[in-house]
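Protein chains get the first letters and strands the later ones, always in sequence-line order, with residue 1 at the start of each.
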Amino acid sequence: MMFEAPIQRLIDELARLPGIGRKSAQRLAFHILHVEEEDARRLAESILSMRSEVRLCDRCFNVTDSEECSICRDLRRDPSTMCVVERPQDIVVVEKTQEFRGRYHVLGGSISPIEGIGPDQLRMRELVARIEDEQVSEVIVATNPTVEGDTTALYLARLLKPLGVRVTRLASGLPVGGDLDYADELTLGRALVGRREM
Amino acid sequence: MALRHDQGIVLRSYPFGEADRVVVLLSPNQGKVRAVAKGVRKTKSRFGGRLEPFSHVDLVLYEGRNLDTITQVEVIEAFPHLRQDLDRVLAAGAMVEVLDVVAQEEEASHRAFLLLQRSLRTLEEGPPHRDLVTAFLLKAADVVGVGPALAECAGCGATGGLHRFSFAAGGVLCDRCRTPGAVALRDGLTGYLAALAAAPIDALPEEDPSLSDDALGVSRRFLEYHLDRRLGAAVRA
């Protein structure tokens with residue numbers, strides 16, 4: 001059964017969002033129908049303002065609302081180390097560790113020959129230009145530990161080492177709180193190779 | 001709905017839902033198999049790196065209506081070294097891409113599986129033969145039944161003067177049988193292609209760098225012609 005047009009329109013739009021099925025969309029729509037009008041307006045406006053205000057940082061391609069993102073503007077950050085990530089969301093994850101004080105560079109994806117994504121589709125040229133301009137001495141490759149992410153890391157190492165910059169890769173190993181018994185061979189093998197002196 | 005056992009080499013996988021992936025495997029008994037690995041994108045997933053491309057795994061699957069769900073994975077062979085070298089990863093990527101195109105679901109594929117397994121082992125052992133991918137393409141064409149005629153003319157069976165290659169005729173042509181669309185082959189290329197196609201994948205003939213690019217080009221275009229599909233960047237690299 002179809003609802004009256006204004007409700008059905010919202011249900012249809014919500015159902016297009018990732019992870020939202022028809023039933024969830026219906027529930028959300030009726031929730032919005034019953035909240036204060038002010039709350040509904042705030043939701044609508046926040047969607048619109050996000051779309052109109054957010055852009056990519058001119059320098060690192062993080063999402064921001066000004067020409068440069070807050071990390072690139074922050075003068076206390078160490079300009080000599082740069083962390084290369086696939087997507088803007090990855091910056092937030094690395095920031096949460098509070099272990100990294102350098103700057104970032106967002107590639108916009110990873111090399112995937114099967115999907116036709118090569119180095120030219122990623123922001124590699126911009127990265128090389130930044131390394132030269134900003135006198136970076138270490139590049140930390142923080143792409144996903146998948147075949148695509150690893151391939152991207154290998155490509156970056158080949159591309160950047162001739163520039164005289166140190167290229168490092170995030171270590172692979174056992175998740176904190178995990179059980180050795182459940183570790184897979186590939187991860188455990190890398191954990192062994194990358195073991196640390198105590 | 002029941003549990004079933006299978007094994008296969010992971011060809012690729014793609015994100016599915018919030019934290020899941022659909023894994024595409026080549027099984028010797030079942031051909032191409034698609035199955036859901038729940039939660040595999042989470043760092044604490046019990047599957048960990050077991051379902052990454054190129055891994056040869058033993059699986060327990062829960063049969064679903066559309067897609068099966070993977071409940072247990074055991075690695076048979078992980079090929080850890082080939083993942084650490086750009087050229088080898090790209091070669092392996094090209095191989096799985098080709099088999100992803102040619103393999104069919106629910107159709108036994110022992111030969112394709114063995115070809116991939118041997119090729120990955122060869123890559124794992126050390127720097128590959130520069131024409132490994134070319135040899136793989138020729139052998140994959142043979143596995144799916146479109147292996148090109150390389151030792152004798154595809155038109156009349158003559159064994160001498162084979163200087164042309166016709167994608168439509170399915171192999172090399174002698175000067176008498178040549179058709180307008182057939183491409184000219186450089187001296188020695190016919191023999192080199194035939195040697196690559198005939199030798200075992202782990203014991204290919206001596207490399208001839210001067211013929212490599214042409215050999216790959218002809219093999220790739222031949223396979224693309226018969227599969228009616230362009231192969232990705234990995235095969236062209």
With a sphere of 6.0 Å drawn around CZ of B:Phe16, does it hold more than 12 non-hydrogen atoms of other residues, nucleotides or ligands?
no
State the CD1-CG distance between A:Ile111 and B:Leu90, to the nearest 0.5 angstrom.
7.5 Å
Taking only residues two or more places apart in sequence, or in another chain, which ones meet A:Ser49 in a side-chain contact (heavy atoms from CB on, under 4.5 Å)?
A:Glu53
Atom CD of B:Glu207 with >12 non-hydrogen neighbours under 6.0 angstrom
yes
Indicate yes or no: at least one non-hydrogen side-chain atom of B:Arg88 is less than 4.5 angstrom from one of A:Leu154.
no
Check this for me: A:Arg22, atom CZ, are more than 12 non-hydrogen atoms of other residues, nucleotides or ligands nearer than 6.0 Å?
yes
Closest contact, heavy atoms only, A:Asp184 versus B:Phe47
CB-O, 4.1 Å
Examine whether an atom of B:Asp85 lies under 4.5 Å from a heavy atom of chain A, and if so say whether it belongs to the side chain, the backbone or both; otherwise answer neither.
backbone
In terms of heavy-atom pairs under 4.5 Å, which option from B:Ala92, B:Ser55, B:Gly17, B:Gly49 contacts chain A the most?
B:Gly49
Under 4.5 Å from a heavy atom of chain A, the part of B:Arg50 involved:
both
So which of A:Leu174, A:Thr187, A:Asp150, A:Thr151 has the biggest tally of heavy-atom pairs under 4.5 Å with chain B?
A:Thr151
So with a 6.0 Å cut-off around OH of A:Tyr182, is the heavy-atom count from everything else above 12?
no
Using a 4.5 Å heavy-atom cutoff, which residues in residues 65-80 of chain A come close to chain B?
none
Hey, is CZ on B:Arg221 packed in by over 12 heavy atoms from elsewhere, all under 6.0 Å?
no
Going by residue number, which parts of residues 105-120 of chain B are within reach of chain A, meaning a heavy-atom gap below 4.5 Å?
none
Which members of residues 70-80 of chain B, sorted by number, sit under 4.5 angstrom from chain A on a heavy-atom basis?
B:Val75, B:Ala78, B:Pro80
OG1-CZ distance between A:Thr146 and B:Arg21, expressed to the nearest 0.5 angstrom
6.5 Å
Is the number of heavy atoms from other residues, nucleotides or ligands under 6.0 Å of B:Arg4 CZ greater than 12?
yes
Among A:Glu185, A:Glu148, A:Arg190, which residue has the highest count of heavy-atom pairs closer than 4.5 Å to chain B?
A:Glu185
Given heavy-atom pairs under 4.5 angstrom as the criterion, report whether the side chain, backbone, both or neither of A:Ala183 touches chain B.
backbone
